[in-house]
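In what follows, a structure is listed as structure tokens, so that the remarks can point back to it.
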Amino acid sequence: MSQLEINSSNEEDQQDFVTYFADVIIPIPLPGTYTYRVPRAMQDYLVPGCRVIVQFGRKKIYTGIVSAVHTHAPKVYEAKLIIECLDTNPSVNDYQLKLFSWMAEYYMCTVGEVLNAGLPSGLKLNSESFIQLNPDFTSTDDVVFSDQENKILDALETNDRLSYEDVAAVLGIKMIHPVLKDLIQKGRILLYEQVKDKYKPKRKRIIVLDDKYLDAEQELQALFADLEKRPKQLDVLLKYLSQIGMDGNQRSTVSVDKSVLTEAGVSASALKTLCKNEIFHEHEVIVSRLDSSVGRSSHEGALSEGQLAALSEITEGFQANKPVLLHGVTGSGKTEIYIELIKQAIESGGQVLYLLPEIALTTQIVARLHKVFGSELGIYHSKYSDNERVEIWNQVNEGKVNLVAGVRSSVFLPFQELNLIIIDEEHESSFKQYDPAPRYHARDTAIWLANLHQANVLLGTATPSLDSYQNALDGKYHLVELLERFGSGSLPKFKLANILTSRKNKRMQGDFTPELIDEITQALERKEQVILFQNRRGYSPYLICNDCNHVPKCQSCDVSLTYHMHSNHLVCHYCGFKDAVPATCEACGSTAIRTVGVGTEKIEEDLKILLPEAHIQRMDQDTTRSKYAYQNIIDRFENGETDILVGTQMLSKGLDFDNVSLVGVFDYDRIVHFPDFRSHERAFQLITQVSGRAGRKDDKGLVVIQTGEPEGGLLQLILRGDYKGFFQQEILERSSFNYPPFYRMIKIVLKHKEQHVLQQAAMAYVATLMAELGKKRVLGPQTPVIGRIRNLYIEEVFLKVEKKGVSIQKVKELVYRLSIDLKKKKEFNSLRLYFDVDPV
DNA sequence: AGCACGCCGACT
DNA sequence: GTCGGCGTGCTC
């Protein structure tokens with residue numbers, strides 16, 4: 001360091017000698033953090049939580065998050081400099097940093113993976129490599145360029161920059177690096193990385209009348225007189241005034257969106273002239289994408305006695321510092337209680353997180369919250385664009401939004417002082433993330449987060465998960481029951497339609513029992529609406545050749561292709577592979593191909609034939625892809641434009657319709673017999689939830705369940721709405737077979753493209769696990785129902801570990817260490833292995 | 001995860 | 001001889 005620098009600082013001379021280092025979390029699946037050197041200029045404001053741009057590897061540039069700042073220089077490598085710091089105020093707070101590392105540890109993944117899931121991609125800058133001509137290049141005679149090099153240079157004459165893909169296209173080859181390397185060596189081109197800030201604030205143009213006319217009435221009158229002979233301009237003025245309100249004292253705003261004026265048909269050129277003459281002014285302002293137009297309205301109505309009692313019990317639980325499990329049957333009015341609690345939490349100056357499953361979020365609940373909380377409500381949802389997510393993130397960070405209604409990923413938002421977390425539909429399995437890591441459960445994560453913030457937690461559901469209910473019985477949670485329906489709605493009646501006998505008597509019409517058809521017809525005659533539930537999308541799960549029994553399968557997954565009639569394609573629901581429908585059997589050439597099984601599309605199709613007069617709408621993943629498709633379908637149903645709604649389980653949640661008198665369930669048997677220890681729990685929840693859609697108003701609704709075994713014990717419990725009976729029966733099973741909630745489970749998934757290598761790896765791994773943990777705690781390896789996806793074979797190993805007396809932490813460390821040892825073996829190095837802690 | 005390097009087989 | 005394939009190892 002030079003003498004000059006030391007002298008230039010006249011305070012804390014010693015400080016200038018200190019070099020700071022920052023540990024940076026990089027959003028990639030690598031363990032640990034990476035240490036970078038902090039440039040002198042950043043020392044003052046770089047703190048944990050700041051986003052920084054760093055180079056990682058030879059050329060890649062990432063946005064990372066600083067997790068710690070310290071003075072320990074790394075011993076074995078030279079730390080690179082941080083390229084840039086993107087924040088003067090950290091984007092991520094200390095709570096979140098703690099959350100990230102807890103999640104990585106608990107769910108056995110890397111912090112980088114947590115960060116990747118948690119940070120909206122709008123806050124992550126990506127880099128792309130470009131080349132450009134080197135302006136400093138001076139031609140010398142001894143430099144010659146090859147044909148390929150000249151092609152690139154020619155292309156650079158017309159475009160000032162080329163991406164790697166461009167270069168590859170120009171040359172028509174893929175191996176472009178050696179060529180580029182040469183050109184760089186010769187000094188003819190430069191390679192650079194362009195970093196782009198992806199978040200773009202939304203702008204709009206507004207028009208404001210000049211102050212002098214707004215302030216003084218006579219000036220305005222004079223202006224009117226002036227514009228007398230210019231009708232187009234006068235029109236602009238009138239339209240403007242009508243927008244802001246003619247009465248000067250009542251005005252809340254003086255600006256009008258330019259788009260509003262142009263849409264009202266004013267002349268663009270007249271407006272331009274007015275602006276030029278400084279009568280009007282045009283400004284560009286940055287606006288929020290978040291809709292804040294709806295104002296608050298007063299509370300909807302007083303709580304019932306039962307609700308008030310529940311409310312005070314909930315408060316009791318909060319005071320005891322326990323999460324509260326609110327077991328409230330469908331229609332018991334949980335939402336009113338939530339609203340009351342949210343109000344209290346916000347009034348006391350805290351923030352509230354209201355977690356909902358994806359599909360329940362676009363519904364009436366949000367509209368109600370919006371009515372009560374107005375612009376204080378932020379919504380965080382997968383169909384929101386990235387820019388919208390960034391805005392919510394920032395507003396939560398700044399404390400402008402104090403209530404977030406969101407899906408599981410909203411646990412990552414930068415709450416400063418969380419006061420209350422509500423987890424609605426607590427039992428929903430969609431709170432657990434499946435595929436990319438972190439495979440986290442938003443409910444469990446939220447409970448941990450609440451503990452960190454010292455916030456209250458309320459779990460609400462009509463059908464508690466076994467885990468939560470057991471927690472309540474153990475006294476870990478405070479149980480509050482609300483088992484009476486609020487208002488006039490009453491429990492639906494059930495009717496079981498026996499598929500087997502109808503089939504024997506040849507009375508089935510397609511997949512409809514005569515009972516169901518009959519009830520649908522009656523309901524339609526009474527001008528009531530019908531919901532049909534078939535938990536499988538597409539037309540038909542597979543095609544089969546009548547002559548040789550050949551079934552078209554996916555090339556890269558071990559599943560049959562689903563037939564989609566509308567698009568006339570065969571689709572793989574696991575990898576998305578699409579194929580044309582074969583006219584003849586690929587195996588034997590026969591034309592006798594028929595469909596087997598039923599999807600939502602087939603039900604819709606059959607209904608159109610059976611009931612040609614009815615208006616039918618299908619609701620599943622395929623019809624709700626776009627942002628508003630879901631809402632549109634719901635709206636049409638609510639307005640009575642649709643008579644029958646056919647859908648997958650997405651219509652089982654959070655929807656209240658007044659005029660639905662009949663709900664039909666098609667594949668009860670398949671739900672119950674799903675090969676999984678949770679299938680009974682899921683069946684109970686699903687059927688109860690779907691049934692809740694029937695008979696919300698004055699009449700009792702009817703639920704028709706088509707089944708082959710109407711005497712089933714579980715079905716009887718569902719019909720009686722006997723949650724406690726179900727719980728007692730099921731918990732016994734779980735206890736005697738060492739399943740959750742008594743044991744913790746960790747699923748280990750191994751994938752490899754060679755089946756026998758995979759087998760060997762899985763066997764070897766299981767052997768080491770058994771040696772360390774004992775045979776009883778290790779299950780498998782077993783091939784899952786779908787044994788191959790995207791050309792990778794799959795094996796699963798399950799660990800069952802007692803909750804009491806065993807350190808799960810130690811087990812995780814062991815399991816992880818053994819997996820590293822396994823992957824270190826030469827023959828297994830392309831093995832993919834990941835963990836799923838608390839799988840659902 | 002990327003990305004480079006390096007070794008190998010398949011073609012102009 | 002290239003071209004393009006993949007296996008291997010590293011990234012502060």
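Residue numbers begin at 1 in each chain, while the letters A, B, ... track the order of the sequences. Because the structure is predicted, anything quoted here is derived from the model rather than measured.
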> Which heavy atom in A/Phe100 sits nearest to a heavy atom in A/Val92, and how many Å separate them?
Replying inline: CE1-CG1, 4.1 Å
> Looking only at heavy atoms, what is the nearest atom pair of A/Val840 and A/Arg678, with distance?
Replying inline: CA-NE, 3.7 Å
Taking the side chain of [X] as heavy atoms from C-beta outward, which of [options] is closest to it?
| X | options | result |
| --- | --- | --- |
| A/Lys826 | C/dC12, C/dG7, C/dT8 | C/dT8 |
| A/Arg58 | B/dC5, B/dA1, C/dC12 | B/dC5 |
| A/Lys60 | C/dC12, B/dC5, B/dG2 | B/dG2 |
| A/Tyr34 | C/dG7, B/dA4, C/dC12 | C/dC12 |

> Touch check for A/Leu30, heavy atoms < 4.0 angstrom, all strands: base, sugar-phosphate only, or nothing?
Replying inline: base
>> Heavy atoms only, 4.0 Å cut-off, all strands: where does A/Tyr36 land among base, sugar-phosphate and nothing?
In response: sugar-phosphate
For [X] and [N], give me the distance from atom [atom1] to atom [atom2], rounded to whole Å.
| X | N | atom1 | atom2 | result |
| --- | --- | --- | --- | --- |
| A/Leu115 | B/dA1 | CG | P | 16 Å |
| A/Ile28 | C/dC10 | CD1 | P | 15 Å |
| A/Ile83 | C/dC12 | CD1 | P | 11 Å |
| A/Lys824 | C/dG9 | NZ | P | 12 Å |
| A/Leu831 | C/dG7 | CG | P | 14 Å |
| A/Arg832 | C/dG7 | CZ | P | 12 Å |
| A/Tyr62 | B/dC3 | OH | P | 7 Å |
| A/Asn829 | C/dG9 | CG | P | 7 Å |

> Any luck finding a side-chain donor-acceptor pair between A/Asp23 and A/Ser67 under 3.5 Å?
Replying inline: no
>> For a quick check under 3.5 Å, do A/Arg51 and A/Ser91 share a side-chain donor-acceptor pair by atom type?
In response: yes
> Taking the six-membered ring for Trp, are A/Phe56 and A/Tyr34 ring centroids under 6.0 Å apart?
Replying inline: yes
